[in-house]
Amino acid sequence: MSAFRQFFSQPLLHFLLLGALIFAVYGLVVPGPETEPEQPGEDIVVTQQQLDRLSEEYRATWQRPPGPDEIEALIDGYVREEILVREALRLGLNQGDTVIRRRLAQKMDFLASSAARSQQPTEQDLAGFYAENETYYRRPGRIAFEQVFLGPTADEELVEELLASLRKGGNAEQLGKRTLLPFRMRLSEKARIEGIFGEGTFEKLEASPLNEWQGPVKSGYGTHLVRVTENQPSEVLAFDLVREDVVTDWTQKRAQDIRADALEAMRQRYRIVLPEATQ
């Protein structure tokens with residue numbers, strides 16, 4: 001009797017009984033051949049193009065072409081996937097699935113913009129796009145300078161004394177207080193300079209004359225004497241220097257326009273009904 005109980009306590013038996021119960025319920029709920037005759041078999045056509053794609057994917061993974069047995073396995077796998085997809089669609093398993101909806105939307109979006117990727121812009125197209133979007137190809141201003149740190153504050157007498165020494169050729173690196181701030185900054189944009197010395201420093205340096213020690217200049221750390229050694233103002237880069245960027249930007253903008261036009265054309269085929277509260 002204990003063996004009989006042990007047999008019926010097996011998890012596998014429970015699984016099989018549950019499966020049989022689900023199958024029986026499914027047979028009661030889903031109309032059988034009496035009410036919905038079985039549709040004729042559908043063709044699953046494996047084209048040479050599909051087979052080439054499968055073979056190429058195999059080659060990319062294994063770094064060699066598939067053999068006859070592997071080609072047969074690839075075909076079996078494709079057919080299996082196609083059967084499962086069709087049956088899932090038949091049962092409506094794609095309905096209400098956020099992941100599937102987003103994936104389908106992405107594929108439609110890709111199809112709508114794929115035309116832009118095949119288009120080659122003319123030189124006139126690129127020149128016009130460059131002229132309309134010059135601000136995107138503007139190089140920020142850059143400044144190179146040297147600085148002597150005087151501490152959080154500095155009295156006027158000390159400032160005048162150090163400035164006089166520096167203007168006579170004194171060794172700037174030996175003057176001032178010790179600090180971890182760099183004595184010399186190579187040509188740098190505003191973001192880099194202010195990332196080190198604090199907000200507002202770039203504008204103060206930008207207004208300084210070239211190759212003359214000036215000060216005091218306030219930074220986020222305190223007071224400095226500075227000498228601007230190079231000042232390159234902001235400028236629009238010549239078309240020839242940014243041509244590759246212009247091609248990329250033109251293609252992306254063209255794709256956006258095509259997607260927008262295609263979506264609007266598709267939208268015209270639908271009537272949008274909103275809840276009364278939002279109308």
Among residues at least two apart in sequence or on other chains, which ones pass salt bridge (Lys or Arg N to Asp or Glu O under 4.0 Å) with R142? none
For R178, does the CZ atom sit with more than 12 other heavy atoms under 6.0 Å from it, leaving out its own atoms? no
So, for G200 and E194, which heavy atoms are closest and what is the spacing to 0.1 Å? N-OE2, 3.0 Å
Give a yes or no on whether the backbone of T122 and the side-chain of D125 come within a donor-acceptor separation of less than 3.5 Å. yes
With side chain to side chain contact (heavy atoms under 4.5 Å, CB included) as the test, would you mind laying out the steps for I100 and R103 before giving the verdict? CA-CA 5 Å; I100 293 177; R103 180 60 177 158; 5.6 Å; no
Carboxylate-amine/guanidinium contact D257 K253, below 4.0 Å: yes
Residue from Y137, Y130, Y136 passing side-chain hydrogen bond (donor to acceptor under 3.5 Å, both in side chains) with D249: Y137
Identify the two heavy atoms, one from L93 and one from D97, that lie closest to each other, and give their separation to 0.1 Å. O-CB, 4.2 Å
Are more than 12 heavy atoms from other residues, nucleotides or ligands located less than 6.0 Å from atom CD of E199? no
In this structure, would L166 and L158 fall into the same cluster of hydrophobic residues linked by side-chain contacts under 4.5 Å? yes
Between E206 and K190, does a side chain to side chain contact (heavy atoms under 4.5 Å, CB included) hold up when you go through it step by step? CA-CA 10 Å; E206 197 174 28; K190 177 180 178 178; over 6 Å; no
Judged by atom type as modelled, is there a donor-acceptor pair below 3.5 Å linking the side chain of T229 to the main-chain atoms of A144? yes
Using the rule that two of Ile, Leu, Val, Met, Phe, Trp, Tyr join whenever any of their side-chain heavy atoms come within less than 4.5 Å, decide whether L181 and I193 are in one cluster. yes
Donor-acceptor contact below 3.5 Å, side chain Q95 vs main chain G92: no
Do L210 and N231 come close enough that some side-chain heavy atom pair is under 4.5 Å? yes
Should we count CD of E81 as having more than 12 external heavy atoms under 6.0 Å? no
Examine L237 and L126 and state if one hydrophobic cluster contains both, with Ile, Leu, Val, Met, Phe, Trp and Tyr joined whenever side-chain heavy atoms are less than 4.5 Å apart. yes
Side chain proximity check, E173 to E146, heavy atoms < 4.5 angstrom: no
Do F197 and F145 have ring centroids that are under 6.0 Å from one another? yes
Same cluster for I143 and Y221 if Ile/Leu/Val/Met/Phe/Trp/Tyr side chains link at under 4.5 Å? yes
Report the C-alpha distance between F129 and R254 in whole Å, list the side-chain angles of each, state the deciding distance to 0.1 Å, and finish with yes or no for side chain to side chain contact (heavy atoms under 4.5 Å, CB included). CA-CA 11 Å; F129 185 85; R254 183 67 178 146; over 6 Å; no
Hey, are the side chains of L89 and L91 touching, using non-hydrogen atoms and a 4.5 Å cut-off? no
Minimum-distance pair of heavy atoms, taken over all atoms of I75 and V46: CG2-CG2, 4.4 Å
Residue pair V228 / S208: nearest heavy atoms and the distance that separates them: CG2-CB, 3.8 Å
Return the CG to CD distance between L51 and E56, rounded to the nearest 0.5 Å. 11.5 Å
Short question: side chain of D43, backbone of V45 - any donor-acceptor pair under 3.5 Å? no
Do S55 and P66 have side-chain heavy atoms sitting under 4.5 Å apart? yes
Any non-hydrogen side-chain atom of D76 less than 4.5 Å from a side-chain atom of E72? yes
Contacts of type side chain to side chain donor-acceptor pair (under 3.5 Å), residue N133, not counting sequence neighbours: none
R167 side chain to W213 backbone, donor-acceptor under 3.5 Å: yes
For the residue pair H224 and F149, categorise the inter-ring angle as parallel (less than 30°), tilted (30 to 60°) or perpendicular (more than 60°). tilted
E203 atom CD: more than 12 heavy-atom contacts under 6.0 Å: yes
Examine V85 and I83 and state if one hydrophobic cluster contains both, with Ile, Leu, Val, Met, Phe, Trp and Tyr joined whenever side-chain heavy atoms are less than 4.5 Å apart. no
Reported CD-to-CD distance for the pair E160 and E156, which is rounded to 0.5 angstrom: 7.5 Å
Using the salt bridge (charged side-chain N to carboxylate O under 4.0 Å, His left out) rule, take R90 and E87 through it: C-alpha gap first, then chi angles, then the decisive distance, then the call. CA-CA 5 Å; R90 194 191 311 278; E87 292 302 312; 3.2 Å; yes
Evaluate whether atom CZ of R86 has more than 12 neighbouring non-hydrogen atoms of other residues, nucleotides or ligands under 6.0 angstrom away. yes
Derivation of the side chain to side chain contact (heavy atoms under 4.5 Å, CB included) call for N171 and L175: CA-CA 7 Å; N171 189 340; L175 299 176; 5.9 Å; no
Just verifying a value: how many Å separate Q147 CD and T223 OG1, rounded to the nearest 0.5 Å? 11.0 Å
CD-OG1 distance between Q120 and T251, expressed to the nearest 0.5 angstrom: 7.5 Å
pair V247-E244: side-chain heavy atoms closer than 4.5 Å: no
May I ask you to test the P182-I196 pair for a side-chain heavy-atom distance under 4.5 Å? yes
Taking S165 for the side chain and E161 for the main chain, is one N or O donor matched with an acceptor at less than 3.5 Å? no
Salt bridge check: are E134 and R138 linked by an N-O gap of less than 4.0 Å? no
Just verifying a value: how many Å separate E230 CD and L187 CG, rounded to the nearest 0.5 Å? 4.0 Å
Within the distance-only criterion (no hydrogens, no angle test), does the side chain of E70 pair as donor or acceptor with the backbone N or O of G67 below 3.5 angstrom? yes
Evaluate the criterion side-chain hydrogen bond (donor to acceptor under 3.5 Å, both in side chains) for residue pair Q256 and Q252; output intermediate values, then yes/no. CA-CA 6 Å; Q256 290 174 0; Q252 291 178 347; 5.8 Å; no
Heavy-atom closest pair (G215 atom, L163 atom, distance to 0.1 Å) is O-CD1, 4.1 Å
Using every non-hydrogen atom in the two residues, find where K218 and P152 come nearest and quote the distance to one decimal. NZ-O, 3.3 Å
Are any of the side-chain nitrogens in R192 or E189 under 4.0 Å away from the carboxylate oxygens of its partner? no
